[in-house]
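I have placed the structure first, in the form of structure tokens, so that the comments after it can refer back to it.
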Amino acid sequence: MDEFTCIARYFAPLTEGRGEARGLTDDAALLPGSLVVTTDTLVEGVHYIGNEPPALIARKLLAVSLSDLAAKGASPYCYFLNLSLPRYTGENWIACFASGLRQAQEEYGLFLAGGDTTSTTGPAVMSVTALGLNDRPLSRCGASHGDALYVSGTIGDAVLGLEAARGELTGVSAEDHRYLLDRFRLPQPRLALGIALQELATAMIDVSDGLAQDAGHIARASGVRLEIEAEHIPFSVAARNWLDQGGDMMALLAGGDDYELLFTVPPSRCGLVESLAGHRISYIGKVREGEGVAITDSGKLLILKEKGWRHRI
Ligand code: ADP
Ligand code: MG
């Protein structure tokens, strides 16, 4: 069973149909008091290798939750931290981990409000529940026929960075290797962009499980079809170099951990979006009537073998 089937079958009914939970199909819950709440977990050996500097692991842990707040145009407020650590972890590791949390707190303007700490006989498991503020957050369901589709930053770097972290990325320059590894290890939550898009976008999601799959979430929630033109998808210089060496573009569209924002904009507001200063934004396609996601490359329909990352349970 994949994670989405598990959530829909066993956990969504427990929301009792409450609107705050959004059917467990959104990036965050919306609670009274303009609170936007999201939780994410990193598991040693699954989301990170284990040999990374602890401060980097901590910063990534906060960044992935803050990316969900970005998708809701919310301003970070505070977070809760749940840690299950193996007994051999050692105080030095924890001190470095805490210093990474402090760095991220200072960068994003939030504080630690609580949590839980336990030991475990398995690998380290860590969760952050982040609380943000926004009284009118966007959802995934507002896209309509005629809207344009945009994405921030570049797509596919992190999936190559994961290969680099595993020592499996070959044939790239040392500089590209370093860049891709950094993109995997330290996502940049697009908080300022999320806030700027509040009055401009009609639907928004953060891309955490692969562009193709996360586009599918907007298509499903909005009851529309997304047509993506591969020639417009933004790739970094390093990812382009990898593609030029014969790399498969599908792997970049199905890979996870981008933590970019994917959003739809009505034609009347595209000019405003494209003139937002200080953000890299790319037009990648259109919203049509229908369902699903179609990705074309110079007019030819691409078939994705793997649509995106799903945990198997
Ligand atoms: P994201 O990638 O945005 O963090 P996920 O793909 O992890 O979101 O989860 C999809 C949705 O399912 C979210 O609304 C999340 O809150 C919900 N969800 C995931 N796991 C559980 C769970 N065990 N119990 C309740 N809700 C869950
Ligand atoms: Mg998300």
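Along the sequence shown, residues are numbered consecutively beginning with 1. From a predicted model like this one, the values you see are computed outputs, not experimental measurements. Hydrogens, waters and symmetry mates are skipped; everything else that's a heavy atom, side chains included, is used. Indexing begins at 1, ligand by ligand and atom by atom, following the structure's order.
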For residues 296-303, which side-chain donor-acceptor pairs fall under 3.5 Å, sequence neighbours excluded?
none

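- For ligand 1, the atoms lying closer than 4.0 Å to a non-hydrogen atom of D40 are 4 (O).
- Atom OD1 is the N, O or S atom of D27 at the shortest distance from the Mg ion (ligand 2).
- The Mg ion (ligand 2) is the vertex of the angle joining OD1 of D206 and OD1 of D68, which measures 90° to the nearest 10°.
- For Y77 and F111, the ring centers sit closer than 6.0 Å to each other.
- Which parts of ligand 1 touch I7 is read off a 4.0 Å heavy-atom cut-off, strictly below it: atoms 12 (O), 18 (N), 19 (C), 20 (N).
- Annotation: T39 places no N or O atom under 3.5 Å from an N or O atom of ligand 1; distance criterion only.
- If you number the atoms of ligand 1 from 1 as listed, the ones under 4.0 Å from a heavy atom of D68 come out as 1 (P), 3 (O), 4 (O).
- With a 6.0 Å cutoff to the six-membered ring centre and a 45° limit on the axis angle, K60 does not count as a cation-pi contact of Y259.
- Through chains of ILVMFWY side-chain contacts below 4.5 Å, V273 is grouped with L138, Y150, L193, L197, L200, M204, L261, F263, V265, L272, L276, I281, Y283.
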Where do D176 and N241 land on the side-chain hydrogen bond (donor to acceptor under 3.5 Å, both in side chains) test, with the steps shown first? CA-CA 8 Å; D176 286 354; N241 289 341; 2.8 Å; yes
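- Of all the atoms in ligand 1, the ones that sit under 4.0 Å from a non-hydrogen atom of F4 are 6 (O).
- Between atom 2 (O) of ligand 1 and the options S67, S208, A29, A8, the minimum heavy-atom separation is to S208.
- The protein atom (non-hydrogen) at minimum distance from atom 14 (O) of ligand 1 is D26 O, 2.7 Å.
- Counting only non-hydrogen atoms, the option in Y259, Y10, F11 that gets closest to atom 24 (N) of ligand 1 is F11.
- Checked for salt-bridge contact, R225 and E289 miss the test: no charged N lies under 4.0 Å from a carboxylate O.
- Remark: D26 engages K72 in a salt bridge, criterion side-chain N to carboxylate O under 4.0 Å.
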